[in-house]
Amino acid sequence: MASPNGKSLGLAACTAVVVGNMVGSGFYLSPSAVAPYGLLAILAWIVMGGGAICLGLTFARLARLAPATGGPYAYTRMAYGDFAGFLIAWGYWISVWASLPVIGLAFAGAIIDVLRSASLVALGPGPTTRTIAVALTLGAIWLVVLVNLRGVKAAGFFSELTTYTKLVPFAAIALIGLFFIQPANLADFNPSGESLFAASAALAPLTMFAFLGLESATVPAGDVRDPERTIPRSTILGISIAGLLYVFGTVAVMGIVPRGELVASVAPFTDAARMMWGSVGAWAITLAVIISSLGALNGWTLLMGQVPMAAAQDKLFPPVFGRLSKRGVPAVGIILSATLATALVLIQAAGAPGVQAFYDLVVSLSTMAAVIPYAFCSLAVGLIASRSGKGASKLRIGAVEVIAFLFSIFVLYGCGPEAVLYGLMLLVLGIPVYVWQRRRAPVEQRETP
């Protein structure tokens, strides 16, 4: 229910947005991606979970100091000024709409698996299957866009419904699966052949991709009831739920499926469920992937409209992104962003890169684009506190913020030079937009807040 002041997102909805955005396609495939690293991957999940908690505590403190629509963008602008804020909003926005095709492809793949398993249609590799996958991907993206165009309340309810539904089968594997573990599958600590540091760096983006979205509750702050309390609680609660699911889920899947099979698997949780409960378990996980993909699409679509809207209201993005519909949503901005995601789907379908190469590139770019705002926000707490009057007048940075910053830098290193190069190019391409907006803005609005 909406509160008397019209704000419609409470603790359950905000937690659902956090969990729904985090527990997405990156988690479904992660046991296969980290399987070559053995037990080191489990340790990486625990360490990354600790780093994510530090980031969550940082965003929780920022939310208490100054709850503002736009999340990382808003806090970066408060601490460092307009230009830094614009770069964060620009990169964040690109990473969100560029991620939608990957989530949509996970949805399409699950639907195609259902059709094959039910023998409803004969689908093998080829143009027909590719066309169906593209149609399903685009259908999922635009279905969720329509839900978001109905308003933030509708998007929040959809997040609650899909998130809490999908958690049941994944939690069942994470917990009950512990009793099906074969110890021999977990015998090696680091079978990759790489040094401990190199293997840890390689694991960083693979595991961090599953934690992206931990700041989701801070973005629609303008629609959150009692944001000073709701946002911090939902952020920490969401990260904790997702982190526990990641650790126990990966342990269970790696312990059930032999490493040789797991490395080659394109549906590790489905394979584990099939070994545990037969075809019924596999069907349950496939259904959970379908529901979860829709939920993740919904949550990221919500953010895809809110971040550029906040930047447009501050005269940093083109004003079209700030226009609100009768339902109070940035409809034009959402539609424009979804159109770019649609173009990316069509380019990928018609071009040379395969699905796996496309997935790997988007994972690296999305992780890189996300950890840069995390690094900025980690050290923004002291600046905002000293300026807001809610903290000491002298700039102070706590141990949690320092850990969050170093954690972000390490993940950025793990993304590799190619992702960092492409990410930097995307950021630089935004500079002409910023210059154009500065020229359009009145002189009195060009001053940094």
Side-chain angles (χ1 to χ4, degrees), residues 2-3 5 7-23 48-79 88 92 152 155-156 159-160 163-164 167 208 211-246 299-300 302-303 306-307 310 370-371 373-392 396-405 407-408:
S3 63
N5 59 10
K7 297 184 178 182
S8 54
L9 300 180
L11 179 62
C14 287
T15 303
V17 170
V18 174
V19 177
N21 284 3
M22 290 175 63
V23 183
M48 297 301 281
I53 287 291
C54 288
L55 283 169
L57 290 171
T58 299
F59 279 108
R61 187 177 175 193
L62 287 168
R64 291 192 185 98
L65 288 171
T69 299
Y73 152 72
Y75 301 133
T76 300
R77 180 173 178 266
M78 290 179 195
I88 293 304
Y92 194 89
V152 175
S159 287
E160 289 186 60
T163 297
Y164 298 127
L167 285 181
M208 187 61 199
F211 282 102
L212 299 187
L214 59 88
E215 76 289 350
S216 297
T218 68
V219 176
D223 293 287
V224 176
R225 297 194 297 268
D226 191 12
E228 291 86 353
R229 291 166 55 87
T230 300
I231 293 176
R233 290 180 178 182
S234 61
T235 298
I236 300 304
L237 183 59
I239 294 172
S240 299
I241 292 173
L244 290 172
L245 185 63
Y246 294 164
W300 285 113
L302 175 64
L303 269 60
Q306 294 284 320
V307 170
V371 297
Y374 293 166
F376 271 75
C377 291
S378 297
L379 302 183
V381 174
L383 290 170
I384 295 176
S386 62
R387 295 172 184 172
S388 66
K390 295 184 180 181
R396 293 181 181 179
I397 300 175
V400 169
E401 288 81 17
V402 172
I403 293 173
F405 177 77
F407 171 74
S408 300

- [ ] Of all the heavy-atom pairs spanning Leu214 and Ala52, show the shortest one and how long it is.
- [x] CD2-CB, 4.1 Å
Task: Shortest non-hydrogen contact from Ser408 toward Ala375 - done: OG-N, 3.7 Å
Task: Atom pair OG1 (Thr58) and CD1 (Ile403), whose distance is rounded to the nearest 0.5 Å - done: 9.5 Å
TODO: Give me the one residue out of Ile88, Thr76, Ile384, Leu55 that meets side-chain contact (heavy atoms from CB on, under 4.5 Å) with Cys377.
DONE: Thr76
Task: Distance, nearest 0.5 Å, that separates OH of Tyr92 from CD of Gln306 - done: 11.0 Å
Task: Which atom of Arg225 lies closest to which atom of Gly10, heavy atoms considered - done: NH2-CA, 3.4 Å
Task: Set of residues satisfying side-chain hydrogen bond (donor to acceptor under 3.5 Å, both in side chains) with respect to Arg233, sequence neighbours excluded - done: none
Task: Ile239 and its side-chain contact (heavy atoms from CB on, under 4.5 Å) partner, picked from Thr15, Leu244, Ile53 - done: Ile53
TODO: Test Leu167 against Ile241 for side-chain contact (heavy atoms from CB on, under 4.5 Å), laying out the working first.
DONE: CA-CA 10 Å; Leu167 285 181; Ile241 292 173; 4.3 Å; yes
Task: Centroid separation Tyr374 to Phe407 less than 6.0 Å - done: no
- [ ] If the plane angle is over 60° it's perpendicular, under 30° parallel, otherwise tilted; pick one for Phe211 and Tyr246.
- [x] perpendicular
Open item on the list: I want to check something: taking the side chain as every heavy atom from C-beta on, are Pro72 and Phe376 in contact at a cut-off of under 4.5 Å?
Closed with: no
Open item on the list: When you measure from the side chain of Thr235 to the backbone of Ala60, do you find a donor-acceptor pair of N or O atoms at a distance under 3.5 Å?
Closed with: no
Task: Note, Leu62 side chain near Phe59 side chain (heavy atom, < 4.5 Å) - done: yes
